[in-house]
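Report on one structure; see the data block that follows.
Throughout, a chain's letter reflects where its sequence line sits, starting with A, and its residues are numbered from 1. Note that these values count all heavy atoms, side chains included, but never hydrogens, waters or copies made by symmetry.
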Amino acid sequence: MAKQATLQAIRGMDDVLPQGYSGEVYNSASWTALRRLYCEWVELHGFRYVETPVLESTELFKRTAGETSDIVSKEMYTFEDAGGRSLSMRPEGSASVCRAVVQHGLAASGGDLRLYYVAQMFRAERPQKGRYRQHTQLGLEIFKEADPTADAEAIAILFHFLRRLGLKQVAVQINSVGSPACRPAYREKLVAYLRQHEEKLSEDSRRRLETNPMRVLDSKAPQDAGIVAGAPVIADFLDEECAAHYAGVKAALDALEVPYEENPRLVRGLDYYSKTAFEVTCGTLEGAIKVIGGGGRFDGLIEQIGGPPTEAVGFGSSIERILLALESQGIALPQPDRPKARMAFFDDSTKIEALKLARALREAGIEVEFPYRSRSLTKMMQAANKAGVRFVVIVGGEEWGRGEVLLKDFDGGSQTAMAVGNVAAAILDSHRRSPA
RNA sequence: GCGGGUGUAGCUCAGUAGGUUAGAGCACUGGAUUGUGGUUCCAGGGGUCGCGGGUUCGAAUCCCGUCAUCCGCCCCA
């Protein structure tokens, strides 16, 4: 029989394992901590959680991200299902959320609508550090609000979230990419300018000149730098509405104490942005993965998928990138502050009593491991030490006969006999007095 | 899609003038200590050296192919 190839995870789609089983950066403890902190933070701003399916009709992303965008043209996982429908795994979050908003009429009544998500995104690109085929985005969207303070608040929520994690060198870049009303005029001027230098542009930029000229501004090719630097700037072409909006965003950012840098060449990879576009970078990361979050306004998106005209602004960030940023600065996320204990018993006579006591301790908010099988006390103690718990609750036959158990505190090594009913309080008290 | 690096134990890695049964540290299991952890000591389990083919008396080592993986570019979060 032929040797079976070892089954392993798909390239670029990684398992996230508990600490001690995998690399320090992506372990499930920091993963869940970051996700929990994000949820708490955005719920504090009145956002509510939405979850949309991983698979959507391919048409959705073609209509929103734009068929010429890199993401849709070459990075989507697309396939046909048994019924011949073309499905795609979501490459980004906003399109799905907008689809759900339209489908369920979430924008039909009431005032603004604030939604957030924590969701895996999929892009068939070459994996490397900080870039994966499956990554997890922290995102949010504000619908039905045209006011620039909404843009500013979205930016501020992300910025202050990162700062509260303890990250330094977090920088915000903003730009206005105009609206369908004023962008065409700029675009014309830009194309005319770029055509003058076409023969000196990189191959990619010449291609984008045809498909999506504003992306040329985003080129990293050294040979394009000089040309891009001399290109017309969109700020000079914004109409009254866009200019006023942009000014409003900046004023609100000032009020929210979000430092920012204006970058007139900032253009996002998705075609649907209007007015505000922004990126958040971390200075202790290198290259393209410096960008740990980005977003902007996409007022036309809901209309593009058949809904009523609906304003929208939001951002997407990345758990992976944030964890890399934290790691680059030696920051550990706070873990739940609970006392941890392990039960010990050395024969089956007290096993069931220990099991019942473990349950009672958990009900009291103590994290308790139960060893399932009796072994020598030495083994029980070794196991408890290895598990990293502070307390061991020893349910021995002798003490149990008197209605007592032994509480061992590894922190200091004291061991005290006490009535069964007092153990939970004793553990909680010791923990409160000197949290490990 | 393009360029480079690396594949030896669960993990991190030694191991080439080709040469007995392939090593270390950590981790794991048992014992010293059958009612008391950490430190220490002793013992043990675990590898078709990524896979396939070739050269050779002999291949982890040399050659070819292949797969996997990491890093960088493009692009993104």
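- When both pairing distances are held under 3.5 Å, B/rG3 makes a Watson-Crick or G-U pair with B/rC71.
- Here the side chain of A/Arg321 is nearest to one of B/rG30, B/rA77, B/rU36, namely B/rA77.
- A/Leu406 comes within 4.0 angstrom of a nucleotide base, judged by non-hydrogen atoms across all strands.
- Relative orientation of the A/Phe298 and A/Phe143 rings is perpendicular, given thresholds of 30° and 60° on the angle between their planes.
- Rounded to whole Å, the C1' atom of B/rU8 lies 14 Å from the corresponding atom of B/rU16.
- Comparing the C1' positions of B/rA9 and B/rC26 gives an interatomic distance of 12 Å, to the nearest angstrom.
- The side chain of A/Met381 sits closest to B/rU36 out of B/rC75, B/rU69, B/rU36.
- Heavy atoms of A/Gln415 sit under 4.0 angstrom from at least one base atom.
- In summary, of the residues considered (A/Glu153, A/Glu145, A/Glu43), a salt bridge (Lys or Arg N to Asp or Glu O under 4.0 Å) with A/Arg114 occurs for A/Glu153 alone.
- For B/rU36, neither phosphate oxygen OP1 nor OP2 lies less than 4.0 angstrom from any side-chain nitrogen or oxygen of A/Lys379.
- A side-chain contact (heavy atoms from CB on, under 4.5 Å) with A/Ile292 is found for exactly one of A/Arg321, A/Glu279, A/Glu320, namely A/Arg321.
- Comparing A/Glu75 and A/Phe346 by the nucleotide of RNA chain B that holds the closest heavy atom to each, the one mapping nearer the 5' end is A/Phe346.
- The A/Thr378 side chain lies nearest to B/rG37 when the options are B/rA68, B/rC75, B/rG37.
- One finds a side-chain N or O of A/Gln128 lying less than 4.0 angstrom from the OP1 or OP2 phosphate oxygen of B/rC73.
- Using P as the reference atom, B/rC11 and B/rU48 are 13 Å apart when rounded to the nearest Å.
- Listed pair A/Arg268 / B/rA77 meets the phosphate criterion, a side-chain N or O lying under 4.0 Å from OP1 or OP2.
- Nucleic acid contact class of A/Arg342 (heavy atoms, under 4.0 Å, all strands): none.
- Out of B/rC73, B/rG38, B/rA77, the shortest distance to the side chain of A/Asn385 is found at B/rG38.
- Judged purely by atom type and a 3.5 angstrom limit, A/Tyr77 has no side-chain atom pairing as donor or acceptor with the backbone of A/Pro91.
- Heavy-atom nearest nucleotides on RNA chain B were determined for A/Asp204 and for A/Lys129, and the one closer to the 5' end corresponds to A/Lys129.
- Pair assignment for B/rG37: none, as no Watson-Crick or G-U wobble contacts are both less than 3.5 Å.
- Distance from the side chain of A/Tyr132 is smallest for B/rA77 among the nucleotides B/rG30, B/rA77, B/rC71.
- Using cut-offs of 30° and 60° on the angle between ring planes, the pair A/Trp41 and A/His45 is perpendicular.
- Separation of the P atoms belonging to B/rG53 and B/rA60 is 14 Å when rounded to the nearest angstrom.
- The base of B/rA77 sits with one of its N or O atoms less than 3.5 Å from a complementary donor or acceptor on the side chain of A/Glu125.
- Across all strands shown, B/rG19 forms a Watson-Crick or G-U wobble pair with B/rC57, both key distances being under 3.5 Å.
- Checking B/rG65 for Watson-Crick or G-U wobble geometry (two distances, each under 3.5 Å) identifies B/rC51 as its partner.
- Taking side-chain N and O atoms only, A/Lys408 has no distance below 4.0 Å to OP1 or OP2 of B/rG38.
- Distances from the side chain of A/Ala288 to the nucleotides B/rG3, B/rC75, B/rA77 place B/rC75 closest.
- Nucleotide B/rG30 has B/rC42 as its partner under the Watson-Crick or G-U criteria, with both atom distances under 3.5 Å.
- In this structure, A/Lys386 places its NZ atom 10 Å from P of B/rU39, rounding to the nearest Å.
- With distances taken from any side-chain atom of A/Gln382 to the nucleotides B/rA68, B/rG35, B/rG37, the minimum falls on B/rG37.
- Remark: ring of A/Phe410 does not overlap the six-membered base ring of B/rG38 in a stacked fashion, as centroids less than 5.5 Å apart with planes less than 30° apart are not both met.
- Comparing the P positions of B/rC2 and B/rG10 gives an interatomic distance of 34 Å, to the nearest angstrom.
- Side-chain proximity of A/Gln137 to B/rC2, B/rG30, B/rA77: nearest is B/rA77.
- Remark: B/rA14 base-pairs with no nucleotide in the shown strands. Criterion, Watson-Crick or G-U wobble with two distances under 3.5 Å.
- Proximity note for A/Ile394 (side chain, C-beta onward) versus B/rA68, B/rG1, B/rU36: the nearest is B/rU36.
- Candidate nucleotides B/rU69, B/rG1, B/rA77 were compared by shortest atom distance to the side chain of A/Arg11, and B/rU69 ranks first.
- Taking the charged nitrogens against the carboxylate oxygens, A/Glu210 and A/Arg195 do have a contact shorter than 4.0 Å, which makes a salt bridge.
- Ring centroids of A/Tyr49 and A/Tyr116 are separated by less than 6.0 Å, placing the two rings close together.
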